[in-house]
*Asks:* 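The structure follows.
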Protein chains: 2
Amino acid sequence: MRSMLSQTEENYLKAVYKISESDPGPVSTNAIAKIMHTSAASVTDMIKRLSEKNYVDYKKYYGVELTQMGKNSATLLIRKHRLWETFLVNQLKFSWEEVHDIAEQLEHIQSDQLIERLDEYLNYPKFDPHGDPIPSTDGKFTIRNQTALSDMQIGDQGQVIGVKIHDTPFLQHLNKIGIKINTAVEIIAKQEYDQSTTVIINQNDQVLLSEKVATKILLKKI
Amino acid sequence: MRSMLSQTEENYLKAVYKISESDPGPVSTNAIAKIMHTSAASVTDMIKRLSEKNYVDYKKYYGVELTQMGKNSATLLIRKHRLWETFLVNQLKFSWEEVHDIAEQLEHIQSDQLIERLDEYLNYPKFDPHGDPIPSTDGKFTIRNQTALSDMQIGDQGQVIGVKIHDTPFLQHLNKIGIKINTAVEIIAKQEYDQSTTVIINQNDQVLLSEKVATKILLKKI
DNA sequence: TACGATATTTAGACTAATCTAAAAATAATA
DNA sequence: TATTATTTTTAGATTAGTCTAAATATCGTA
Ligand SMILES: [Mn+2]
Ligand SMILES: [Mn+2]
Ligand SMILES: [Mn+2]
Ligand SMILES: [Mn+2]
């Protein structure tokens with residue numbers, strides 16, 4: 001049943017998926033337009049097309065939801081994106097802030113065999129360089145406990161396992177202060193006034209994290 | 001000066017490059033149409049566009065030739081194609097007849113850094129899995145002496161270093177008879193009647209090669 | 001519950017890339 | 001050289017994806 005989707009159609013499906021991930025229920029035209037950097041009119045056009053092809057359920061003025069087929073396509077796209085990011089970082093030695101845009105292109109390469117070989121080559125990774133889970137062929141994500149650094153208490157210890165956003169300036173900032181995946185973190189103080197957090201990383205350096213940064217770092221408690 | 005070319009535009013440039021490679025001089029509209037599997041009318045349209053952007057020189061009813069800029073783009077595309085094919089065969093363990101179609105997609109990924117990292121990762125290969133030279137960043141191809149198997153004499157010995165065509169049925173046929181890159185070949189007989197050649201491969205198996213096959217296998221004489 | 005603000009859809013237009021059919025130019029040949 | 005055959009270009013249409021502007025529906029709140 002999986003007809004040939006254009007890259008654009010795939011990107012719309014992924015946008016709908018991402019929006020309903022953080023905000024379940026029907027997705028608004030405007031929300032899609034924002035992510036896709038297009039006009040609401042273009043979104044309406046495209047949604048009609050995807051609805052026609054049964055990738056989404058669509059009710060005028062109400063919103064759009066992925067069908068099972070739409071979910072499958074979106075999940076496969078995310079699988080490809082994250083496997084390619086893993087390849088770029090683990091094999092080609094790119095830094096985690098450099099890989100997203102390249103993976104945005106690579107995720108559209110059409111070859112089931114390629115993605116399965118890549119998965120094998122990378123030794124079946126479960127998480128990508130940003131700590132995001134890589135769905136399996138049948139669309140299952142590995143779940144794990146994670147806590148935002150901003151939600152930890154004084155004295156708590158943890159290990160960085162992911163970040164909530166992936167834009168380059170944020171990741172470069174983390175590079176600068178020495179935080180990356182697997183970094184050990186201990187909370188030693190929290191300022192009431194601005195919600196900033198003081199931490200010790202790798203049992204060594206003391207770092208002050210603003211609330212803006214602390215809310216976006218995900219830890220595994222230890 | 002390298003503006004953004006669409007995938008389609010890149011493919012047209014590559015087509016012009018490939019045609020003038022085997023047949024120097026101006027390239028005909030029909031020749032391009034054949035390779036691109038489009039109508040002559042579509043080719044005329046596209047050639048006008050590429051001419052407008054200075055990737056080709058074009059004179060109505062006469063033919064088309066790549067400008068230096070067009071040659072650079074075509075060569076870069078070929079570099080990317082062949083590096084990706086090398087990756088697919090050497091790292092992901094694809095067979096040589098499986099990689100062309102995937103590389104046709106991968107060659108359009110836009111990232112100079114990616115292709116340089118890939119080159120390094122693969123240890124700067126000079127030839128792809130079909131024995132075709134991989135141009136360097138500045139567009140230079142490694143030249144080497146090669147002789148078609150059909151042009152060898154009885155008693156000559158050689159080693160397979162390439163093939164003239166890359167379609168799957170031909171490569172699968174070579175797989176079946178046990179010929180691949182680096183296979184040692186000795187010519188032991190030639191039939192006047194049908195120009196077929198009898199060879200011994202890897203000092204072991206005797207194989208009869210039709211003219212159709214023998215003309216497409218490239219050897220290094222030893 | 002009405003009315004202004006906001007969100008969404010429709011209408012109409014544009015570009016890239018394609019097609020078919022017809023016209024025009026060039027090449028082949030009688 | 002005249003006539004036919006082939007090649008190439010033009011004309012006009014189509015589809016995907018986009019836009020802006022206008023129309024319409026829904027929401028928020030007085
Ligand atoms: Mn990403
Ligand atoms: Mn990621
Ligand atoms: Mn190839
Ligand atoms: Mn090749």
Side-chain angles (χ1 to χ4, degrees), chain A residues 2-16 19-20 22-66 70 73-74 77 104-105 107-108 110, chain B residues 2-16 19-20 23 25-66 70 73-74 77 104-105 107-108 110:
Chain A
R2 189 183 297 132
S3 69
M4 252 264 302
L5 288 169
S6 70
Q7 294 200 181
T8 310
E9 288 171 322
E10 288 190 329
N11 285 335
Y12 272 94
L13 291 179
K14 191 172 61 164
V16 175
I19 295 164
S20 38
S22 61
D23 183 9
V27 172
S28 78
T29 302
N30 260 2
I32 300 169
K34 194 171 221 172
I35 294 200
M36 295 299 294
H37 305 106
T38 63
S39 68
S42 301
V43 173
T44 303
D45 271 6
M46 178 56 88
I47 289 305
K48 280 180 182 165
R49 206 132 23 91
L50 289 170
S51 172
E52 198 57 48
K53 296 188 185 180
N54 288 111
Y55 285 91
V56 299
D57 289 327
Y58 171 57
K59 255 190 301 208
K60 267 193 196 178
Y61 290 105
Y62 170 74
V64 67
E65 276 173 307
L66 294 176
S73 295
L77 203 64
E104 285 291 306
Q105 300 178 61
E107 71 190 6
H108 298 290
Q110 301 284 357
Chain B
R2 190 185 295 131
S3 69
M4 252 264 303
L5 288 169
S6 70
Q7 294 201 182
T8 310
E9 288 171 323
E10 288 189 329
N11 285 335
Y12 272 94
L13 291 179
K14 192 172 61 164
V16 175
I19 296 164
S20 37
D23 183 10
V27 172
S28 78
T29 302
N30 260 3
I32 300 169
K34 194 172 221 172
I35 293 199
M36 295 298 294
H37 305 107
T38 63
S39 68
S42 301
V43 172
T44 303
D45 271 5
M46 178 56 89
I47 288 305
K48 279 181 183 165
R49 204 130 25 91
L50 289 171
S51 174
E52 198 58 46
K53 296 188 185 180
N54 288 111
Y55 285 91
V56 299
D57 289 327
Y58 171 56
K59 255 190 302 209
K60 267 192 194 179
Y61 290 106
Y62 170 75
V64 67
E65 275 174 308
L66 294 176
S73 294
L77 203 65
E104 285 290 307
Q105 300 178 62
E107 71 190 6
H108 298 290
Q110 301 284 357

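Protein chains get the first letters and strands the later ones, always in sequence-line order, with residue 1 at the start of each. Any value given below was found using the heavy atoms of this structure, including those in side chains, with hydrogens, waters and symmetry copies removed. Because the structure is a prediction, the values reported are computed rather than measured.
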*Asks:* Measure from CD on B/Glu52 to P on C/dA16 and round the result to the nearest Å.
*Replies:* 11 Å

*Asks:* Specify the separation, in whole Å, of atom CE of B/Met36 and atom C1' of C/dC19.
*Replies:*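 Rounded to whole Å, this separation is 15 Å.
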
*Asks:* Do the side chains of A/Tyr12 and A/Ile32 get nearer than 4.5 Å, heavy atoms only?
*Replies:* yes

*Asks:* Please give, in whole Å, the distance from C/dA7 P to A/Lys34 NZ?
*Replies:*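 Atom NZ in A/Lys34 sits about 9 Å away from atom P in C/dA7.
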
*Asks:* Take the protein atom CE of B/Met46 and the nucleotide atom P of C/dA16, then report the distance between them rounded to whole Å.
*Replies:*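 So the CE-P distance, B/Met46 to C/dA16, works out to 10 Å.
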
*Asks:* In plain terms, say whether B/Lys14 and B/Glu104 are close enough for a salt bridge, that is, a side-chain N and a carboxylate O under 4.0 Å apart.
*Replies:* yes

*Asks:* In this structure, how many angstroms lie between the C1' atom of D/dT9 and the CD1 atom of B/Ile32, rounded?
*Replies:*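 Rounded to the whole Å, the gap is 14 Å.
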
*Asks:* For D/dT10 and B/Lys48 - does any side-chain N or O of the residue sit under 4.0 Å from the phosphate oxygens OP1/OP2?
*Replies:* yes

*Asks:* Would you call B/Ser6 and B/Glu9 a side-chain contact if the rule is heavy atoms closer than 4.5 Å?
*Replies:*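 Side chain of B/Ser6 against side chain of B/Glu9, heavy atoms only: contact under 4.5 Å found.
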
*Asks:* Just compare C/dT8, D/dC19, D/dT10 and give me whichever is closest to any side-chain atom of A/Tyr61.
*Replies:*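 It is C/dT8.
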
*Asks:* Rounded to the Å, how far apart are B/Lys59 NZ and C/dA25 C1'?
*Replies:*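 Spelled out: NZ on B/Lys59 to C1' on C/dA25 is 16 Å.
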
*Asks:* State whether B/Thr8 places a side-chain N or O below 4.0 Å from either non-bridging phosphate oxygen (OP1 or OP2) of C/dA16.
*Replies:* no

*Asks:* Taking for each residue the nucleotide of DNA chain D with the nearest heavy atom, is it A/Thr38 or A/Lys60 whose nucleotide lies nearer the 5' end?
*Replies:* A/Thr38

*Asks:* Below 4.0 angstrom from OP1 or OP2 of D/dT6, is there any side-chain N or O of B/Asn30?
*Replies:* no

*Asks:* With a 4.0 Å cut-off on heavy atoms, is A/Ser39 in touch with a base, just the backbone sugar-phosphate, or nothing at all?
*Replies:*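 Base contact - A/Ser39 has a heavy atom under 4.0 Å of at least one base atom.
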
*Asks:* Any side-chain N or O of A/Thr44 under 4.0 Å from OP1/OP2 of C/dT10?
*Replies:*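 No, because none of the side-chain N or O atoms of A/Thr44 sits under 4.0 Å from OP1 or OP2 of C/dT10.
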
*Asks:* Quick one: label A/Ser42 by what it contacts on the DNA or RNA (base, sugar-phosphate, nothing), any heavy atom closer than 4.0 Å.
*Replies:*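 Counting heavy atoms under 4.0 Å across all strands, the contact made by A/Ser42 includes a base.
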
*Asks:* For the atom pair CG (B/Leu5) and CG (B/Leu13), what is the distance rounded to the nearest 0.5 Å?
*Replies:* 6.0 Å

*Asks:* Could you tell me the separation between the CG atom of B/Asp45 and the P atom of D/dT8, rounded to a whole number of Å?
*Replies:* 15 Å

*Asks:* Return the nearest nucleotide to the side chain of A/Thr29; candidates are D/dG17, C/dC19, C/dT8.
*Replies:*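 Of the candidates, C/dT8 comes closest.
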
*Asks:* Between A/Asn11 (CG) and D/dG17 (P), how many Å, whole number?
*Replies:* 11 Å

*Asks:* So B/Glu107 and B/Asn11, side chain to side chain contact (heavy atoms under 4.5 Å, CB included) or not? Walk me through it.
*Replies:* CA-CA 10 Å; B/Glu107 71 190 6; B/Asn11 285 335; 3.5 Å; yes

*Asks:* Using only side-chain N and O atoms of B/Tyr62, determine if any of them is under 4.0 Å from OP1 or OP2 of D/dT9.
*Replies:*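 No, no such contact exists.
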
*Asks:* Give a yes/no answer on whether the side chain of B/Tyr58 brings an N or O atom under 4.0 Å of OP1 or OP2 in D/dT8.
*Replies:*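 Checking D/dT8 against B/Tyr58, no side-chain N or O comes under 4.0 Å of OP1 or OP2.
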
